[in-house]
Amino acid sequence: MSRRVAFLGPLGTYNDEAARRYAPDADRVPYPSLPHVGAAFEAGEVDEAVVPIENSLYGSVTDMVDFLISAGRARIRGELLLPIEHCLIARPGVSISDLRKILSHPQALGQCRGYLAATLPDAEQVATVSTAAAVADLQQGDDSAAAIAPRRAAEMYGLEILAEGIQDSSNNITRFVILGTEDHPRTGHDKTSIAFDFVRGDQPGLVYAALRPFADRGINLTKIESRPTGSELGSYMFLLDFDGHREDPLVREALEEIGRHASTLKVLGSYPRA
């Protein structure tokens with residue numbers, strides 16, 4: 001039986017493209033939102049999931065960051081980088097001057113902020129659950145609306161591309177992670193993601209104490225961010241990505257040292273670097 005891989009649907013999204021690149025021969029299963037993808041994986045409906053975790057222009061995908069912090073089953077076992085080229089898509093015969101409404105996923109709208117401000121400053125921006133869903137909505141819409149989505153979505157729905165490459169930077173890349181029930185065995189070219197908080201968050205020097213174990217061992221940190229825990233104002237969960245596998249001796253030592261300062265320490269996964 002073919003393994004089942006979840007992704008954010010519908011067909012034609014960048015998530016669809018990432019899932020096809022990762023698992024071309026798998027049974028790829030689209031879900032209507034990222035929370036649905038996470039819930040399906042946690043419930044055991046699928047074997048793996050391919051989800052976006054951050055974009056080079058718009059930052060972290062907070063829905064997935066928060067999901068990974070709280071997930072019981074999911075571990076990161078891989079990553080892939082997908083270059084993003086956004087297109088402005090409309091019904092046949094529509095011109096840019098006709099547009100009064102732009103539909104897309106919030107990430108895509110944010111990645112095209114400069115283009116929209118310069119070209120369509122008065123157009124209403126409407127968030128949708130995915131880029132391809134925005135294109136599908138055009139079929140029931142009118143000629144005043146357009147969508148921001150991949151070229152493949154326009155081809156699938158028989159719509160026209162009014163402009164290509166409208167993202168604010170040519171270096172627009174989305175990082176996707178592959179979720180499984182176990183992370184990846186050590187390869188020697190790995191990275192690790194962790195989440196932790198502190199027993200007392202108001203003591204001076206706690207962040208330094210958490211980062212020092214990596215500096216002392218020459219471990220390169222590739223990402224640092226924080227998310228509110230939701231328990232009280234000013235309480236944060238810290239998230240780190242760094243080079244190395246959790247089974248590497250120096251990484252193991254660093255994690256043990258952090259654990260002495262943290263009330264919660266969760267290894268989200270170790271996996272090969274993309």
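Any value given below was found using the heavy atoms of this structure, including those in side chains, with hydrogens, waters and symmetry copies removed.
The shortest non-hydrogen separation linking E79 to P272 is CG-O, 3.8 Å.
Side-chain atoms of D190 and T187 include a donor-acceptor pair closer than 3.5 Å. In this model, no donor atom of one side chain and acceptor atom of the other lie less than 3.5 Å apart for N171 and S56. Defined by atom type and a distance below 3.5 Å, a donor-acceptor pair is present between the side-chain atoms of D142 and S144. When only modelled atom types and interatomic distance are considered, E54 and T174 share no side-chain donor-acceptor pair under 3.5 Å. Judged purely by distance below 3.5 Å, without hydrogens or angles, the side chains of D197 and S263 pair a donor atom with an acceptor atom. Side-chain polar atoms of S60 and T62 form no donor-acceptor pair below 3.5 angstrom.
Taking the six-membered ring for Trp, F214 and F242 have ring centres closer than 6.0 Å.
Judged by distance alone, with hydrogens and angles left aside, the side-chain atoms of N15 form no donor-acceptor pair with the main-chain N or O of T13 at under 3.5 Å. R4 places a side-chain N or O within 3.5 Å of a backbone atom of E45 that can act as its donor or acceptor partner. Panel note: side chain S70, backbone F67; a donor-acceptor pair is recorded below 3.5 Å. Of the possible donor and acceptor atoms, none in the side chain of N55 sits under 3.5 Å from a partner among the backbone N and O of V61. At least one donor-acceptor pair closer than 3.5 Å links the side chain of R28 to the backbone N or O of A23. Although no hydrogens or angles enter the test, the distance criterion places a donor-acceptor pair under 3.5 Å between the side chain of D168 and the main chain of G114. Not one N or O on the side chain of D66 forms a donor-acceptor pair closer than 3.5 Å with the backbone of D63. Formation of a donor-acceptor pair under 3.5 Å by the T192 side chain with backbone atoms of G244 is found in this model.
Under the side-chain contact (heavy atoms from CB on, under 4.5 Å) criterion, D122 pairs with no residue, sequence neighbours left out. Take M156 and apply the side-chain contact (heavy atoms from CB on, under 4.5 Å) test, not counting sequence neighbours, and it matches L11, R152.
I258 and I69 fall into different hydrophobic clusters, where Ile, Leu, Val, Met, Phe, Trp and Tyr residues are linked whenever their side-chain heavy atoms come under 4.5 Å apart, directly or through other members.
For the pair K223 and E225, the salt-bridge criterion is met [side-chain N within less than 4.0 Å of a carboxylate O].
Other residues, nucleotides and ligands place no more than 12 heavy atoms under 6.0 Å from the CD atom of E182. Environment of NE2 in H36: sparse, with no more than 12 heavy atoms of neighbouring residues, nucleotides or ligands closer than 6.0 Å. Counted within 6.0 Å of CZ on R217, heavy atoms from surrounding residues, nucleotides or ligands total more than 12; the atom is thus considered enclosed. Counting non-hydrogen atoms of neighbouring residues, nucleotides and ligands closer than 6.0 angstrom, the NZ atom of K266 exceeds 12 such neighbours.
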ask   = Between R260 and E256, does a salt bridge (charged side-chain N to carboxylate O under 4.0 Å, His left out) hold up when you go through it step by step?
value = CA-CA 7 Å; R260 291 195 286 270; E256 289 173 354; 5.5 Å; no
inquiry  = Would R91 and D143 count as a salt bridge (charged side-chain N to carboxylate O under 4.0 Å, His left out) here? Give the steps.
reply    = CA-CA 7 Å; R91 293 156 63 96; D143 290 348; 2.9 Å; yes
task = Begin with the C-alpha distance, continue with both residues' side-chain angles, and end with the deciding distance and a verdict on side-chain contact (heavy atoms from CB on, under 4.5 Å) for D243 and R273.
result = CA-CA 8 Å; D243 291 340; R273 293 195 302 267; 3.7 Å; yes
CA sep, side-chain torsions, deciding dist, call: R77, D183, salt bridge (charged side-chain N to carboxylate O under 4.0 Å, His left out) = CA-CA 4 Å; R77 60 173 290 103; D183 58 5; over 6 Å; no
message = Determine whether R3 and E48 satisfy the following criterion, salt bridge (charged side-chain N to carboxylate O under 4.0 Å, His left out), listing intermediate values before the conclusion.
response = CA-CA 8 Å; R3 77 185 192 279; E48 293 178 301; 2.7 Å; yes
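Within the structure, every pair that satisfies the ring-ring contact (aromatic ring centres under 6.0 Å, His included) test and touches residues 69-113, not counting sequence neighbours, is listed here: Y14-H86.
Atom CD1 of I53 is separated from atom CG of L68 by 5.0 Å, given to the nearest 0.5 angstrom.
A cation-pi contact, defined as under 6.0 Å to the ring centre and within 45° of the axis, links R73 to F41.
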